[in-house]
J.: 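Quick one: this structure, given as structure tokens, is what I'll be asking you about.
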Protein chains: 2
Amino acid sequence: MALDHAILVSLLEQPGSGYELARRFERSIGYFWTATHQQIYRVLKRMESDGLLDVRDIPQQGRPDKKEYSVAGPGRDALAAWLHEPIEPESLRHDLAVKIRGAAFDDPAALIREVERHHRVHSERLEHYLTGERRDFTGPGAPAPLDAGQELQHVVLRGGIAYERMTVAWLDDVLATLHRIGPAAPRT
Amino acid sequence: MALDHAILVSLLEQPGSGYELARRFERSIGYFWTATHQQIYRVLKRMESDGLLDVRDIPQQGRPDKKEYSVAGPGRDALAAWLHEPIEPESLRHDLAVKIRGAAFDDPAALIREVERHHRVHSERLEHYLTGERRDFTGPGAPAPLDAGQELQHVVLRGGIAYERMTVAWLDDVLATLHRIGPAAPRT
DNA sequence: TCGTTCTATGCAACTCGTTGCATATCAAGA
DNA sequence: TCTTGATATGCAACGAGTTGCATAGAACGA
């Protein structure tokens with residue numbers, strides 16, 4: 001249930017509506033957690049009825065009303081309790097690796113385009129993260145010195161950057177391997 | 001549904017029972033996919049009734065009978081079809097990163113032990129993978145030259161190694177950051 | 001001898017996550 | 001004018017994944 005906690009953290013950093021949260025999950029929170037808007041709305045409703053969140057209805061002109069959520073006392077306590085519990089070190093779930101091993105029973109060369117596509121996506125994410133880092137942490141307009149919260153946000157972002165960099169390098173390795181074994185016949 | 005495909009690949013590499021598959025998922029396949037035995041048994045049953053797998057009952061002495069599964073023709077076709085479809089580049093889901101950002105609203109120093117624990121687990125996984133690499137690919141007893149299937153298994157393992165190495169280095173960074181901001185008061 | 005671990009399979013209940021669909025208004029462009 | 005896209009929220013159904021429990025004999029160590 002880390003989605004609950006990710007939402008609590010995000011709302012502590014800045015209160016907002018379900019729609020706004022969904023957009024944050026496409027951006028900064030997306031470094032380490034993903035969620036669709038349907039999921040978010042459902043969880044927000046549940047957490048509000050459990051008293052973890054407060055809601056404020058904000059009427060808007062020409063747009064549907066917006067419900068701004070913020071963290072209530074019990075929500076803060078729930079987050080603190082979770083922070084003090086140990087969690088399992090998580091493991092990878094990497095479909096592409098399944099495909100790569102599966103390619104031994106098909107045509108390995110046919111995978112090259114797919115791997116190149118993934119390479120592009122991860123390179124773009126890396127660029128995107130680096131741009132965000134310059135804007136918020138290392139560029140000329142960034143605050144200095146950073147406070148504790150910003151330091152923590154920065155180290156999480158560095159994790160996202162390290163992940164994308166590692167992935168891009170590995171995909172280079174995969175491509176080189178596919179080219180090397182290129183003309184090989186599939187295993188029967 | 002990549003679990004289905006991971007099972008197909010594993011059974012093509014080597015037919016086996018649900019129990020054996022579960023153990024493989026704790027080892028080599030665990031580099032890129034995890035699954036519990038309950039999940040595996042359920043999926044095996046479904047794939048068998050869909051005609052993707054064949055079963056052979058193997059009676060054993062002093063032990064419950066074993067059901068050895070192998071991939072049938074339609075299973076092979078299903079895998080080939082999936083290999084030719086594009087898949088979404090996946091994103092991270094990292095609870096620990098949620099905790100790190102959440103620590104800004106609690107006591108950052110309290111996270112140090114937790115991060116150290118994760119550091120240990122990932123270091124052990126890295127050692128484990130490196131041992132496997134020496135045994136199967138780079139050590140003196142390893143086959144040389146490798147065939148296409150072994151090359152692909154090796155590049156996937158290199159991915160697991162790169163991931164663990166990157167993670168350990170990032171956790172070092174996280175620890176340094178936590179120590180640096182150590183005495184800071186939590187945000188209110 | 002007694003508990004634990006390993007082999008081997010499975011059900012039931014539950015939560016989590018995804019997909020498809022639906023509504024409603026405004027702004028911008030073709 | 002008509003369509004697309006952004007804002008803003010939501011239901012229903014399904015599929016994936018987790019947790020707890022149950023069975024049962026063999027091997028092994030305390």
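Below, chain A is the first sequence line, B the second, and so on; all start at residue 1.
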J.: Taking the side chain as every heavy atom from C-beta outward, state whether A/L11 and A/S70 have any pair of such atoms under 4.5 Å apart.
T.: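 The answer is no, as the side chains (C-beta and beyond) never meet within the 4.5 Å cut-off.
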J.: According to salt bridge (Lys or Arg N to Asp or Glu O under 4.0 Å), does anything in residues 77-103 of chain B pair up with another residue at least two apart or in another chain? List the pairs.
T.: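 Listed once each, the pairs are A/E13-B/R101, B/K99-B/E114.
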J.: What is the separation between atom CG on B/D57 and atom P on C/dA8, rounded to the nearest whole Å?
T.: 13 Å
J.: According to ring pair (Phe, Tyr, Trp, His ring centres under 6.0 Å), who are the partners of A/W82, at least two apart in sequence or on a separate chain?
T.: A/H5
J.: Tell me every residue that passes salt bridge (charged side-chain N to carboxylate O under 4.0 Å, His left out) with A/D173, counting only those two or more places apart in sequence or in another chain.
T.: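 With sequence neighbours excluded, A/D173 shows a salt bridge (charged side-chain N to carboxylate O under 4.0 Å, His left out) to B/R158, given in chain and number order.
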J.: On the nucleotide D/dC11, are OP1 or OP2 found under 4.0 Å from the side-chain N or O atoms that A/K45 carries?
T.: yes
J.: Taking OP1 and OP2 of D/dT9, is either one under 4.0 Å from a side-chain nitrogen or oxygen of A/Y19?
T.: no
J.: Taking the side chain as every heavy atom from C-beta outward, state whether B/I161 and B/L157 have any atom pair closer than 4.5 Å.
T.: yes
J.: What is the separation between atom CD1 on B/I7 and atom P on D/dA16, rounded to the nearest whole Å?
T.: 12 Å
J.: Provide, to the nearest angstrom, the distance between the OH atom belonging to B/Y41 and the P atom belonging to C/dA8.
T.: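 In whole Å, C/dA8 P lies 8 Å from B/Y41 OH.
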J.: To the nearest 10 degrees, what angle separates the axes at the start and end of the helix from C/dT1-D/dA30 to C/dA30-D/dT1, five pairs each?
T.: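 The end-segment axes of the helix from C/dT1-D/dA30 to C/dA30-D/dT1 are tilted 30° relative to each other.
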J.: Share the residues that join B/I58 in a hydrophobic cluster, the rule being Ile, Leu, Val, Met, Phe, Trp or Tyr side chains under 4.5 Å apart at the heavy-atom level.
T.: none
J.: What integer distance in Å separates B/E26:CD from C/dT5:P?
T.: 15 Å
J.: Linking Ile, Leu, Val, Met, Phe, Trp and Tyr by side-chain heavy atoms under 4.5 Å, what else ends up with B/M166?
T.: A/L92, A/Y163, A/M166, B/L92, B/Y163
J.: Taking only N and O in the side chain of A/K66, is any of them less than 4.0 Å away from OP1 or OP2 of D/dT9?
T.: no
J.: Please report, rounded to the nearest Å, how far the P atom of D/dG17 is from the CD atom of A/E90.
T.: 16 Å
J.: For B/D4, check salt bridge (charged side-chain N to carboxylate O under 4.0 Å, His left out) against everything at least two apart and list the hits.
T.: B/R46
J.: B/K67 side chain N/O closer than 4.0 Å to the phosphate oxygens (OP1, OP2) of C/dG10?
T.: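 Affirmative; the distance criterion is met.
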J.: Strictly under 4.0 angstrom, non-hydrogen atoms only: write out the protein contact profile of nucleotides 15-22 of chain C, one letter per nucleotide from the 5' end, B, S or -.
T.: -SBBBBB-
J.: Round to the nearest Å and state the distance from A/E88 atom CD to D/dT19 atom P.
T.: 9 Å
J.: Per the salt bridge (Lys or Arg N to Asp or Glu O under 4.0 Å) rule, what does the pair list look like for residues 17-45 of chain B, sequence neighbours excluded?
T.: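 Residue pairs with at least one partner in residues 17-45 of chain B: B/E20-B/K66.
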J.: Rounded off to whole Å, could you give me the CD1-to-P distance for the B/I40 and C/dT9 pair?
T.: 11 Å
J.: Quick one: B/E20 CD to C/dT9 C1', roughly how many Å, whole number?
T.: 13 Å
